[in-house]
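This report concerns only the one structure given below.
Order of the sequence lines fixes the chain letters, A, B, ..., with proteins taken first and strands second; residue numbering starts at 1 for each chain. Note that the structure is predicted; figures quoted are calculated from it, not measured.
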Number of protein chains: 2
Amino acid sequence: MDSKKVIITLIKINYEINIQLMTALKPYGISIQQFNVLRILRGQKGVAANLSTVQERMINKMSNTTRLIDKLIEKSFVERIICKENRRKIELFITNKGLVFLNQIDPVIDKVEEKMIGHLKNQDKEKVVSLLKQFDFS
Amino acid sequence: MDSKKVIITLIKINYEINIQLMTALKPYGISIQQFNVLRILRGQKGVAANLSTVQERMINKMSNTTRLIDKLIEKSFVERIICKENRRKIELFITNKGLVFLNQIDPVIDKVEEKMIGHLKNQDKEKVVSLLKQFDFS
DNA sequence: AAACAATATTTGTTACGACAAAAATATAAA
DNA sequence: TTTATATTTTTGTCGTAACAAATATTGTTT
């Protein structure tokens, strides 16, 4: 099989996944990127996160995290404080409002994900992941 | 296995693929999207393509094809003529310069694709594709 | 023909990714 | 201490995606 075909298939599937996720989030007025940043901040469990910490955990490392977080602050889902020990750094927290919002959305996303691949056998899901991890990006 | 893990893995792999392709194209001053439009136009083998034809064949159907093509016209890789029979339509052609350019880039992309998954067994490539096609986006 | 609907493309807006450069602060070296 | 270097975040710019609305043209109906 042509390598090109595999790549194109994967890119198309990714595109479809994105559409599904976007569509599910749309009624809630939040983008996938903002949603992911919120999830990262929730994962901190009250511990402050620096911008760089968030950035490391994001999929798109080159995105502009400052402005993504600006949007979340506008919505009062996130708070930004200047770090006392090192004033170059900032400290980011998810607010209560952000937590409530996120908890509301989680099942929506879970449902979309299950719809997309919930019918796959466990063995098949593991096979996809193991095959994808064999891709070489060195 | 968690469906979420499969989805996230796929999104991350797609991200890496994009980086590899982008990096390969960068020295040539062209984006993946522009490159793909050029390939679509080459596939026409001299037959004019309408904007809508190009759009149908693109992966990102919602992208702004008009402006993507504007960029290619600036580079003299594409020509745009208003269709005589139906002046709402436009006719798009890849130029000779565009063809030469594309032929120069093809092997570069092929090489990147081979580097990423050329080492996979034929059977494994087919397995990935067949598993990915089982995803449900209805 | 005039009005209306359908089709094809363009334009405008918002959000984000990629990336370079600037700004602010901290740390280390001379 | 002054200078240089490193770190962290912010800002600016461009390209593109998503999407709505506008425009132009054609086709259809009355």
Side-chain angles (χ1 to χ4, degrees), chain A residues 11-12 14-38 48-75 77-78 80-92, chain B residues 11-12 14-38 48-75 77-78 80-92:
Chain A
I11 292 175
K12 284 184 178 172
N14 179 77
Y15 175 69
E16 294 292 340
I17 291 175
N18 257 291
I19 289 183
Q20 299 277 325
L21 295 177
M22 264 183 45
T23 307
L25 289 180
K26 182 165 298 174
Y28 301 93
I30 195 169
S31 69
I32 299 173
Q33 293 75 6
Q34 288 176 32
F35 174 65
N36 283 333
V37 169
L38 271 188
N50 298 128
L51 230 209
S52 45
T53 311
V54 175
Q55 222 154 21
E56 276 163 23
R57 301 199 186 157
M58 284 173 66
I59 293 175
N60 279 40
K61 309 238 178 296
M62 285 307 141
S63 93
N64 200 312
T65 318
T66 297
R67 281 179 287 221
L68 253 181
I69 286 171
D70 285 345
K71 300 280 167 61
L72 290 170
I73 291 173
E74 275 174 35
K75 291 174 181 152
F77 291 160
V78 170
R80 170 164 44 198
I81 308 169
I82 292 172
C83 183
K84 287 166 198 165
E85 301 91 56
N86 187 339
R87 285 188 303 168
R88 285 173 303 188
K89 293 191 181 181
I90 61 172
E91 293 186 330
L92 297 166
Chain B
I11 293 175
K12 283 185 179 172
N14 180 77
Y15 175 68
E16 294 293 340
I17 291 175
N18 257 293
I19 289 183
Q20 298 276 324
L21 295 178
M22 265 183 45
T23 307
L25 288 180
K26 183 164 297 175
Y28 301 93
I30 195 169
S31 69
I32 300 174
Q33 292 74 6
Q34 289 176 32
F35 174 64
N36 283 333
V37 170
L38 271 188
N50 298 129
L51 232 209
S52 45
T53 311
V54 173
Q55 223 155 20
E56 277 164 21
R57 300 199 186 156
M58 284 173 67
I59 293 175
N60 279 40
K61 308 240 178 295
M62 286 305 140
S63 94
N64 200 311
T65 318
T66 298
R67 282 178 286 223
L68 254 179
I69 286 170
D70 285 345
K71 299 281 167 62
L72 290 170
I73 291 174
E74 275 174 33
K75 290 173 182 154
F77 290 160
V78 169
R80 170 165 45 198
I81 308 170
I82 293 173
C83 183
K84 287 167 199 164
E85 302 91 56
N86 186 340
R87 284 187 304 168
R88 284 173 304 189
K89 292 191 181 181
I90 61 172
E91 292 186 330
L92 297 165

Roughly, in whole Å, what's the span from CD1 in B/Ile73 to C1' in C/dT10?
13 Å

Do B/Leu68 and B/Met58 have side-chain heavy atoms sitting under 4.5 Å apart?
yes

The reported gap from CD1 in A/Ile19 to CE in B/Met62 (rounded to nearest 0.5 angstrom) is 7.0 Å

Between D/dA17 atom P and A/Gln20 atom CD, what is the distance in whole Å?
19 Å

D/dG15 phosphate, OP1 or OP2: any side-chain N/O from B/Gln33 under 4.0 angstrom?
no

Presence of A/Ser63 side-chain N/O under 4.0 Å of C/dA18 phosphate oxygens OP1/OP2:
no

Quick check for you: to the nearest 0.5 Å, what is the distance between B/Leu51 atom CG and B/Ile69 atom CD1?
5.0 Å

For the pair made of NZ in A/Lys75 and P in C/dT14, what is the distance, rounded to whole Å?
14 Å

Any A/Arg87 side-chain nitrogen or oxygen under 4.0 Å from OP1 or OP2 of C/dA26
yes

Round to a whole Å and report the spacing from CD of A/Glu85 to C1' of C/dT27.
16 Å

Quickly work out the A/Leu25 CG to C/dA15 P distance and round it to whole Å.
15 Å

If I take atom OG from residue B/Ser31 and atom CE from residue B/Met22, how far apart are they, to the nearest 0.5 angstrom?
9.5 Å

Donor-acceptor pair, side chain of A/Asn50 and main chain of A/Ile90, under 3.5 angstrom:
yes

Atom NZ of B/Lys84 and atom P of D/dT25 are separated, to the nearest Å, by 17 Å

Quick check: on DNA chain C, is the nucleotide nearest A/Leu68 upstream (toward 5') of the one nearest B/Thr23, or the reverse? Name the residue that is more 5'.
A/Leu68

Would you check if the side chain of B/Lys61 reaches a backbone N or O of B/Glu56 as a donor-acceptor pair within less than 3.5 Å?
yes

For atom CG of B/Leu21 and atom C1' of D/dG15, their distance in whole Å
17 Å

Whole angstrom value for the distance that separates P of C/dT10 from CD1 of B/Ile69
8 Å

NZ (B/Lys75) with more than 12 external heavy atoms under 6.0 Å
yes

Quick one: what's the B/S/- string for nucleotides 3-11 of chain D, heavy-atom cutoff under 4.0 Å, read 5' to 3'?
---BBSSBB

